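Single-structure report; data block below.
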Number of protein chains: 2
Amino acid sequence: MTAPLAGITILDLTHVLAGPFCAGILGDLGAQVIKVERPGMGDDTREFPPFVEGQSGYFAALNAGKQSIALDLKAEGDRAIFDRLLARADVLLENYRPGVMARLGYGWDVLQARHPRLIYGAVSGFGQTGPEAGKPAYDMVVQARGGVMSITGEEGGPPVRVGASIGDIVAGMYLAQGVLAALYDRERTGKGRMVDVAMLDAQIAIQEHSLAITAATGVPPGPTGARHPTITPFSTYRAADGFFVIAAGNDAIFARLCEALALPLSGDPRFVTNAARCENVHLLKRLIEAVTLGETVAHWIGVLEAAGVPTGRVQDMAAAMRDPQVLARNMVLPVAAQGKGPVFTSAGNPIKMTGLPEKAARAPAPALDGDRAAILAWLADDAGKP
Amino acid sequence: MTAPLAGITILDLTHVLAGPFCAGILGDLGAQVIKVERPGMGDDTREFPPFVEGQSGYFAALNAGKQSIALDLKAEGDRAIFDRLLARADVLLENYRPGVMARLGYGWDVLQARHPRLIYGAVSGFGQTGPEAGKPAYDMVVQARGGVMSITGEEGGPPVRVGASIGDIVAGMYLAQGVLAALYDRERTGKGRMVDVAMLDAQIAIQEHSLAITAATGVPPGPTGARHPTITPFSTYRAADGFFVIAAGNDAIFARLCEALALPLSGDPRFVTNAARCENVHLLKRLIEAVTLGETVAHWIGVLEAAGVPTGRVQDMAAAMRDPQVLARNMVLPVAAQGKGPVFTSAGNPIKMTGLPEKAARAPAPALDGDRAAILAWLADDAGKP
């Protein structure tokens with residue numbers, strides 16, 4: 001049994017985050033990813049911190065295991081190489097502003113006619129259509145405009161950015177889904193498709209409750225800090241040495257929580273139903289923390305797990321990367337050194353699948369244009385075929 | 001040209017959010033989704049707010065277009081129906097705690113032997129393996145434990161929950177990717193695979209910069225409010241009537257910003273490089289807001305767009321749902337009424353694809369067990385086949 005995408009070649013013109021994240025997912029599923037970079041500069045993220053020995057750990061994590069060739073798509077010789085790569089590729093990925101590929105002579109219409117099996121995946125800020133199709137976007141612009149910042153932050157406070165770059169990442173994930181569906185479909189039809197994902201659209205798509213609430217009530221929800229908007233107690237709480245989560249989703253769990261904390265509240269009319277608890281959420285938080293501040297996070301996790309109350313630590317990234325369950329799932333991987341360079345670290349593949357062996361390390365991220373010779377040899381080897 | 005997953009049947013045992021979100025993605029790509037629910041209660045989210053005429057808008061948005069049959073997997077007659085559905089299904093989805101399906105007699109080993117083409121997709125809090133495989137999780141528990149809360153919130157403030165339920169949603173998206181890759185692979189091999197996605201793993205996988213920074217420096221990053229941790233000015237700013245984003249990614253944009261705001265700062269040594277601006281980020285914010293507070297968001301968006309400075313509104317969900325670009329992309333859809341019930345609203349499909357027509361409305365969400373007769377007729381119709 002081979003990896004599910006074994007034999008698939010992704011020609012990847014994307015840079016920065018959304019597109020490379022998508023290509024990385026397809027690579028984890030077994031595809032060969034050929035990263036086509038600008039001569040001289042390459043992907044902007046080669047200059048993104050953190051640096052180790054002058055190399056970007058950000059670039060290394062996102063581009064581990066990919067190959068790199070530098071091509072100037074306005075230069076004749078490089079275009080000829082690109083044309084030969086197109087003839088061999090299953091999927092082309094790009095994240096230019098809409099219109100750029102067409103101006104280069106590589107629009108979907110042209111490519112579809114020339115390479116009917118090619119799948120064309122595009123990710124952009126606002127999509128290939130609509131009044132603002134041509135505008136650039138950044139993660140934060142779509143987080144802001146798509147509404148997620150308006151429901152993230154302290155209650156009554158200003159909007160807060162989601163710490164992970166979900167404006168890019170979620171869009172890259174939707175693009176991967178579209179490409180995978182097109183690959184499946186092509187097995188039956190022999191034809192490629194174009195997939196068009198907008199970062200702004202993707203932000204709308206992930207807002208399950210705020211969209212439903214706004215549509216039903218006319219009133220958009222605001223931020224609620226660390227707590228769940230409609231369940232109480234369901235938030236972070238302070239212990240002597242940090243924060244932990246209590247997630248008491250119903251009255252029975254609340255009763256067990258009260259008993260575990262020796263808090264005589266479960267018969268109190270102010271807290272007798274979830275609705276009453278939501279009304280008195282701030283008072284209840286003070287009463288709970290008056291107890292929990294007296295002991296450590298580890299103490300309360302033990303007590304609450306024993307009592308059958310859903311709970312968990314609030315971990316910073318260093319703690320998350322040492323978490324025994326995270327490590328048991330192989331979710332923190334070294335990225336092998338490129339030549340004599342440093343070893344970096346990346347997340348593991350979260351898609352565990354039969355027939356897709358777990359890796360002990362990721363292959364290195366490529367040097368800019370570092371695989372040119374190998375890629376040209378690969379093209380020459382089979383030159384007559386596609 | 002048909003939808004890419006036309007003809008595919010998803011047998012969906014999942015409930016609440018991660019699993020139904022995954023099934024919804026596959027449904028948007030053309031698959032038929034048969035939701036198998038507990039008799040009597042059905043999916044918990046049938047009781048989730050907001051309610052209109054006693055029906056959940058949350059359930060309707062997440063389950064639009066699916067069919068429902070209520071089956072008790074411990075009752076003989078219902079198991080016989082389920083067995084016949086398994087024989088017809090391409091994909092089984094479940095989000096029970098690991099071990100539950102095996103105890104019901106429907107573990108992967110058993111199903112693989114009986115239905116070699118069946119793809120089995122499981123999403124759980126911590127995955128099918130590891131020391132905590134059996135534990136339940138909630139969105140907030142994995143947001144907390146996976147590290148995203150530790151980088152979300154005000155600078156120096158307590159951890160904040162991401163307003164959208166990305167603990168569930170991102171896991172559901174990874175499951176969709178695994179299932180799609182397995183569908184592609186099955187066209188070549190004739191064999192199904194099992195896909196195992198953990199909500200905690202998925203949280204680790206989306207933390208591109210915090211993981212790279214923690215690994216390279218040993219110091220986990222903390223929250224930085226609305227601003228980007230390493231680029232300045234790249235944050236929200238106050239105008240007279242609300243917030244907007246300025247995303248000045250380099251010195252040239254910063255110079256244009258200063259000119260547009262008539263701020264004589266571009267030669268100032270405190271702001272001459274991005275590094276200097278990061279050092280004086282709070283001072284710079286005060287200087288910028290001293291200007292921007294004098295006019296409206298609309299004014300500044302116009303001024304900055306004209307000056308070529310990336311910018312955007314911070315929109316609440318009501319504004320996002322009226323955004324002309326969002327509407328032009330068909331990202332807000334009515335969910336047709338179920339019988340004489342109310343019309344709800346959901347997000348549109350963010351995967352735009354050639355040959356996948358945009359819908360003017362989503363089909364209704366099912367009543368509990370509402371498609372039993374139709375599903376049984378469908379099974380009877382072709383009883384001899386699979």
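Every chain is numbered from 1, with letters handed out A, B, ... down the list of sequences. Just so we're clear, the structure is a prediction, and the values are computed from it rather than from any experiment.
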Look at [options] and state which one has the largest set of heavy-atom pairs under 4.5 Å with chain B.
options                                : answer
A/Ser150, A/Pro350, A/Gly218           : A/Pro350
A/Phe51, A/Tyr120, A/Phe21             : A/Phe21
A/Pro223, A/Ala320, A/Gly249, A/Ala328 : A/Ala320
A/Ala61, A/Gly225, A/Gly57             : A/Gly225
A/Val148, A/Val179, A/Val326           : A/Val326
A/Val219, A/Asp168, A/Val142, A/Val245 : A/Val245

Stepwise side-chain contact (heavy atoms from CB on, under 4.5 Å) test for A/Glu305 and B/Lys135: CA-CA 10 Å; A/Glu305 287 198 340; B/Lys135 282 193 193 165; 2.9 Å; yes
Can you tell which of [options] has the highest number of heavy-atom pairs within less than 4.5 Å of chain A?
options                              : answer
B/Glu154, B/Gln143, B/Arg186         : B/Glu154
B/Pro342, B/Ala6, B/Ala182, B/Pro131 : B/Pro131
B/Thr224, B/Asp28, B/Asn330, B/Thr2  : B/Thr2
B/Ser235, B/Gly30, B/Ser56, B/Gly348 : B/Ser235
B/Gly121, B/Pro229, B/Ala226         : B/Ala226
B/Ile166, B/Ile231, B/Asp185         : B/Asp185

For residues 136-151 of chain B, the salt bridge (charged side-chain N to carboxylate O under 4.0 Å, His left out) pairs (sequence neighbours left out) are A/Asp323-B/Arg145, B/Glu132-B/Arg145, B/Asp139-B/Arg161
Does the side chain of [X] reach to within under 4.5 Å of the side chain of [Y], using non-hydrogen atoms?
X        : Y        : result
B/Lys352 : A/Val195 : no
B/Gln177 : A/Ile25  : yes
B/Leu211 : A/Met317 : yes
B/Tyr184 : A/Pro4   : no
A/Met353 : B/Met194 : no

Sort by residue number and list every residue of residues 198-208 of chain B having at least one heavy atom under 4.5 Å from chain A. B/Ala198, B/Leu200, B/Asp201, B/Ala202, B/Ile204, B/Ala205, B/Ile206, B/Gln207, B/Glu208
Look up atom [atom1] in [X] and atom [atom2] in [Y], then write down how far apart they are to the nearest 0.5 Å.
X        : Y        : atom1 : atom2 : value
A/Ile351 : B/Leu175 : CD1   : CG    : 8.5 Å
B/Thr345 : A/Ile213 : OG1   : CD1   : 13.0 Å
B/Ser210 : A/Met321 : OG    : CE    : 8.5 Å
B/Asn349 : A/Tyr174 : CG    : OH    : 8.0 Å
B/Asp196 : A/Leu356 : CG    : CG    : 11.5 Å

What pair of heavy atoms forms the shortest contact from [X] to [Y], and how long is it?
X        : Y        : result
B/Thr129 : A/Arg329 : OG1-NH1, 2.8 Å
A/Pro50  : B/Ala212 : CG-O, 3.4 Å
A/Gly312 : B/Val141 : CA-CG1, 4.4 Å
A/Ala216 : B/Val52  : CB-CG2, 3.8 Å
B/Val160 : A/Gly153 : CG1-N, 3.5 Å
A/Ser165 : B/His209 : OG-ND1, 4.2 Å

Does any N or O in the side chain of [X] come within less than 3.5 Å of the main-chain N or O of [Y], such that one atom is a donor and the other an acceptor?
X        : Y        : result
A/Thr152 : B/Val162 : no
B/Arg193 : A/Thr354 : yes
B/Gln315 : A/Ala144 : no

Under 4.5 Å heavy-atom distance to chain A, tell me which part of [X] shows up: side chain, backbone, both or neither.
X        : result
B/Leu26  : neither
B/Ser346 : backbone
B/Phe126 : both
B/Ala3   : backbone
B/Pro159 : both
B/Ile246 : neither

A/Met331 versus chain B, the contacting section by heavy-atom distance below 4.5 Å: both
Contacting region of A/Val314 [heavy-atom separation from chain B under 4.5 Å]: both
Show your working on side-chain contact (heavy atoms from CB on, under 4.5 Å) between A/Met173 and B/Val170 and close with a plain yes or no. CA-CA 9 Å; A/Met173 292 178 73; B/Val170 169; 4.0 Å; yes
Return the orientation label for the A/Phe234 and B/Tyr138 ring planes: parallel under 30°, perpendicular over 60°, tilted otherwise. perpendicular
